[in-house]
Asks: 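Let me begin by handing over the structure; questions about it come next.
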Amino acid sequence: MKTIQHPLIKSGTVESRQYQLAIAMQALEENTLVVLPTGLGKTVIALLVAASRLLNTDGKILLLAPTKPLVDQHLRFFQHAIALPEGDDDACISFTGDTKPEKRAEIFRRCKICCATPQVIKNDVISGRYSLSDVSLLIVDECHRATGEYAYTYLAEEYIQSGRNPLILGMTASPGSDRVRVAEICTHLGITRVESRDEDDADVIPYIHERTVEYIAVPLPEPLRVVVTLIDGMIDTRLGTLTGLNYSLPRRQNLSMKALTQLNATIQERIAAGDPTAYQAASLSAEIMKLRHAVILAESQGSTALRSYIEKLDAEGRSKKGSKASQRMIGDFRFSEVMRIVSGFTEELHPKAGITASIIHDLLINESESRAIVFASYRDTVSMLVQHLSDEGIAACRFVGQASRAEEKGLSQKKQIEAIRKFREGEYPVLVATSIGEEGLDIPSTDLVIFYEAVPSEIRSIQRKGRTGRSSAGRIIVLVTKGTSDEANRWVSNRKEKAMASGVKKLRDRAKKESEQTTLGDEMVDPGEESILPEESGSPQPLL
């Protein structure tokens with residue numbers, strides 16, 4: 001295997017791939033968005049660009065990632081591959097919110113590479129503990145988050161304004177299919193060039209591992225179907241009342257989150273205009289949102305998650321602090337019937353749980369060293385699956401976010417990292433994760449990914465699929481409940497994934513064309529300019 005040869009990259013640690021070198025060369029010239037399928041080495045490109053900036057410019061490298069497990073992963077990779085002076089423990093470091101602020105400030109000033117979550121850096125910069133002026137490269141991982149008020153947005157804008165020699169590298173496997181959203185990401189990060197590859201590009205094909213995608217149709221059990229019918233009736237009644245109040249709404253079958261968001265916006269406009277019926281409409285809208293969520297749980301998650309949620313709604317409605325919407329909802333005779341039915345659910349009824357266990361059991365019987373990740377959108381489902389798999393003799397580890405609820409504790413960042421370690425080393429062959437496990441986790445030996453439900457987001461779907469097929473062939477299984485929102489979500493995400501791939505190609509081609517036009521003009525910059533070491537070094541050096 002041919003490896004990268006660079007003064008600041010340890011010999012023999014990084015495979016040399018032409019597409020990574022080509023992208024890195026371009027990323028050294030201008031602020032670049034790199035869109036690359038998961039498993040093709042976005043972090044290696046970041047390493048190449050970082051090593052060159054450290055060699056050829058003054059300053060430090062700041063690498064931002066959205067979660068502590070991902071920050072820890074980047075730190076371990078850079079410590080493994082970068083060749084910095086030995087004995088300097090603060091040369092390559094990571095920050096957490098647990099580190100004392102004054103210590104963070106001291107270490108940041110001394111370090112050459114800092115890996116951190118964006119919120120920690122944002123808090124420090126706002127507090128004046130240090131500035132980003134001497135950062136020579138800002139790496140923004142999972143940069144599709146750089147929208148709205150997310151900390152990436154603030155830090156990129158602050159860096160562009162204060163950096164003495166700023167350069168930004170944004171990385172993602174899935175920027176999204178919405179052109180406005182992608183344009184917003186590029187604007188916030190000051191992106192002027194887009195570099196992308198897909199699995200059909202000639203220079204990428206040699207490194208692609210086969211991934212098969214299977215969809216398993218699952219029937220909805222009759223008890224859950226009865227509950228859904230009752231709740232649908234409650235939703236229809238409330239939609240009828242809203243129609244009587246002169247609100248325009250689609251039929252329940254076509255009721256999307258987008259339509260409900262528009263409804264709430266209209267209600268707020270009427271409240272601002274002094275319409276007295278708008279408050280009733282707001283209460284009805286809140287009920288519909290809750291009932292619609294209950295239907296989704298029944299159809300895609302199962303009886304355990306549904307029972308937990310219905311009992312929560314019942315407790316809210318009976319509480320003195322409960323909203324009028326909650327009180328009115330539990331007073332509906334159909335809700336009482338729903339409550340009676342779900343109270344009898346003593347075990348998981350949805351076939352998805354048994355199918356998941358059976359698939360994983362067969363995998364481990366045939367390949368005992370295999371690893372599998374199961375993704376589920378809700379914590380109740382994650383907990384149920386871990387218990388169900390355990391009952392079937394399969395060791396599984398829960399992987400959820402930090403936030404705790406009254407009945408369930410989250411996982412601290414330290415415990416998240418520990419869970420990934422145990423999974424990677426085989427102590428637990430199965431990881432059952434919520435969305436926190438979708439982004440960036442580098443677990444090369446994952447052979448199987450199971451979607452417990454189809455997700456409508458192309459970003460989440462691509463992230464989930466990217467957890468397998470990284471170093472060998474991978475298998476992806478999506479469980480779809482027949483005749484439910486699961487089916488609609490499957491087709492929505494597939495359509496958006498295709499639209500995203502097409503959109504990224506157009507964006508790359510347009511940015512390349514504009515860059516070429518600039519290069520041919522009077523403002524042409526010598527591409528070798530940044531490759532020269534400070535004058536006292538005596539001789540030019542290659543960028544990479």
Side-chain angles (χ1 to χ4, degrees), residues 23-24 26-38 40-43 45-46 49 62-67 70-71 74 116-119 121-122 125 132 135 137-163 166-198 258 435-436 438-440 455-466 493 495-515:
I23 293 173
Q26 296 296 337
L28 281 162
E29 298 296 323
E30 54 191 308
N31 293 346
T32 302
L33 169 63
V34 175
V35 182
L36 202 61
T38 300
L40 289 180
K42 291 184 292 294
T43 309
I45 294 171
V49 179
L62 176 57
L63 190 158
L64 302 176
T67 66
L70 195 47
V71 167
H74 286 310
T117 53
Q119 195 59 53
I121 301 295
K122 179 181 178 180
V125 171
L132 304 180
V135 171
L137 174 65
L138 175 63
I139 302 169
V140 184
D141 194 22
E142 307 295 352
C143 68
H144 54 269
R145 288 175 172 248
T147 59
E149 298 298 318
Y150 193 70
Y152 279 167
T153 300
Y154 169 83
L155 289 173
E157 292 174 353
E158 176 69 20
Y159 175 56
I160 290 170
Q161 292 176 8
S162 65
L167 182 67
I168 294 178
L169 174 63
M171 307 188 300
T172 181
S174 47
S177 60
D178 187 325
R179 292 183 182 179
V180 175
R181 178 188 174 94
V182 176
E184 182 183 1
I185 293 168
C186 291
T187 298
H188 287 168
L189 298 181
I191 296 298
T192 55
R193 186 178 189 92
V194 177
E195 286 290 329
S196 70
R197 298 289 190 279
D198 61 32
K258 182 178 180 180
S435 60
I436 190 174
E438 293 171 355
E439 288 185 325
V455 288
S457 164
E458 74 283 14
I459 294 176
R460 293 186 61 196
S461 179
I462 289 170
Q463 297 282 12
R464 285 184 174 191
K465 290 175 181 176
S493 65
R495 174 176 56 80
K496 287 184 176 180
E497 283 184 47
K498 291 178 181 178
M500 189 199 79
S502 175
V504 168
K505 282 186 177 180
K506 290 178 180 177
L507 190 65
R508 176 183 65 181
D509 293 343
R510 183 167 67 247
K512 182 179 180 181
K513 184 177 180 181
E514 291 173 354
S515 178

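The structure displayed is predicted, hence computed values, not measured ones.
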Asks: Begin with the C-alpha distance, continue with both residues' side-chain angles, and end with the deciding distance and a verdict on side chain to side chain contact (heavy atoms under 4.5 Å, CB included) for Lys496 and Met500.
Replies: CA-CA 6 Å; Lys496 287 184 176 180; Met500 189 199 79; over 6 Å; no
Asks: Keeping Asn31 on the side-chain end and Ile168 on the backbone end, is there a donor-acceptor pair under 3.5 Å?
Replies: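 Judged by distance alone, yes, a pair lies under 3.5 Å.
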Asks: To the nearest 0.5 Å, tell me how far Ile462 CD1 sits from Arg464 CZ.
Replies: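 These two atoms lie 13.0 Å from each other.
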Asks: With no hydrogens and no angle check, is any side-chain donor or acceptor of Glu158 less than 3.5 Å from a backbone partner on Val125?
Replies: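 Looks like no, no N/O pair under 3.5 Å.
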Asks: How close do Gly148 and His188 get, counting heavy atoms only, and between which atoms?
Replies: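 Scanning both residues completely, I find the closest heavy atoms to be N-CE1, 3.9 Å.
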Asks: So which of Ser461, Ser502, Ser174 actually passes side-chain hydrogen bond (donor to acceptor under 3.5 Å, both in side chains) with Glu497?
Replies: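 Only one option passes, and that is Ser461.
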Asks: For His74 versus Ala65, what's the shortest heavy-atom pair and its separation?
Replies: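 Taking every non-hydrogen atom into account, CD2-CB, 3.9 Å.
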Asks: Looking at every non-hydrogen atom in both residues, tell me the closest pair between Ala151 and Gln119 and how far apart they are.
Replies: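 Closest heavy-atom pair between Ala151 and Gln119: CB-OE1, 3.9 Å.
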Asks: What do the steps show when you test Leu33 against Leu189 for side chain to side chain contact (heavy atoms under 4.5 Å, CB included), and what is the final call?
Replies: CA-CA 9 Å; Leu33 169 63; Leu189 298 181; 5.5 Å; no
Asks: What is the minimum heavy-atom distance between Tyr159 and Val135, and which atoms define it?
Replies: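 Shortest heavy-atom contact: OH-O, 2.9 Å.
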Asks: Measure the shortest side-chain to side-chain distance between Ile185 and His144 over non-hydrogen atoms and say whether it is less than 4.5 angstrom.
Replies: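 Yes, at least one pair of side-chain atoms sits under 4.5 Å.
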Asks: How far does CD of Glu142 sit from CG of Leu70, to the nearest 0.5 angstrom?
Replies: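 Rounded to the nearest 0.5 Å, the CD-CG separation comes out at 6.0 Å.
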Asks: If you measure from CG on Leu169 to CD on Glu195, what distance do you get to the nearest 0.5 Å?
Replies: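 Taking CG in Leu169 and CD in Glu195, the distance rounds to 10.5 Å.
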Asks: Might you point out which heavy atoms bring Ser177 and Ala499 nearest each other, and give the distance in Å?
Replies: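 Taking every non-hydrogen atom into account, CB-CB, 4.0 Å.
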Asks: If you round to the nearest 0.5 Å, how far is OG1 of Thr38 from CD of Gln463?
Replies: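 Gln463 atom CD to Thr38 atom OG1 measures 5.5 Å (nearest 0.5 Å).
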Asks: Given side chains that start at C-beta, do those of Ile459 and Thr172 come closer than 4.5 Å, heavy atoms only?
Replies: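 Ile459 vs Thr172: side chains apart.
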Asks: Do the non-hydrogen side-chain atoms of Val49 and Ile139 ever get within less than 4.5 Å of each other?
Replies: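 A side-chain contact under 4.5 Å is absent here.
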Asks: Can you list everything that forms a ring pair (Phe, Tyr, Trp, His ring centres under 6.0 Å) with Tyr152? Sequence neighbours excluded, please.
Replies: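 Tyr152 satisfies ring pair (Phe, Tyr, Trp, His ring centres under 6.0 Å) with Tyr150 only.
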Asks: Passes side chain to side chain contact (heavy atoms under 4.5 Å, CB included), Arg193 versus Gln26? Steps please.
Replies: CA-CA 8 Å; Arg193 186 178 189 92; Gln26 296 296 337; 3.1 Å; yes
Asks: How far apart are the C-alpha atoms of Leu132 and Ile121, what are their side-chain angles, what is the distance that settles it, and do they pass the side chain to side chain contact (heavy atoms under 4.5 Å, CB included) test?
Replies: CA-CA 9 Å; Leu132 304 180; Ile121 301 295; 4.2 Å; yes
Asks: Show me the pairs that pass salt bridge (charged side-chain N to carboxylate O under 4.0 Å, His left out) and involve residues 173-189, at least two apart or across chains.
Replies: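 Sorted pair list comes back empty.
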Asks: Please round to the nearest 0.5 Å and tell me the distance separating atom CG of Leu167 and atom OG1 of Thr32.
Replies: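 Interatomic distance, Leu167 CG to Thr32 OG1, rounded to 0.5 Å: 7.0 Å.
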Asks: Is it the case that the side chain of Lys42 and the backbone of Val34 share a donor-acceptor pair, with hydrogens and angles ignored and the cut-off at 3.5 Å?
Replies: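 Checked: no pair found.
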Asks: Shortest non-hydrogen contact from Val35 to Pro175?
Replies: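 Where Val35 meets Pro175 most closely, the heavy atoms are CG1-CD, 3.8 Å.
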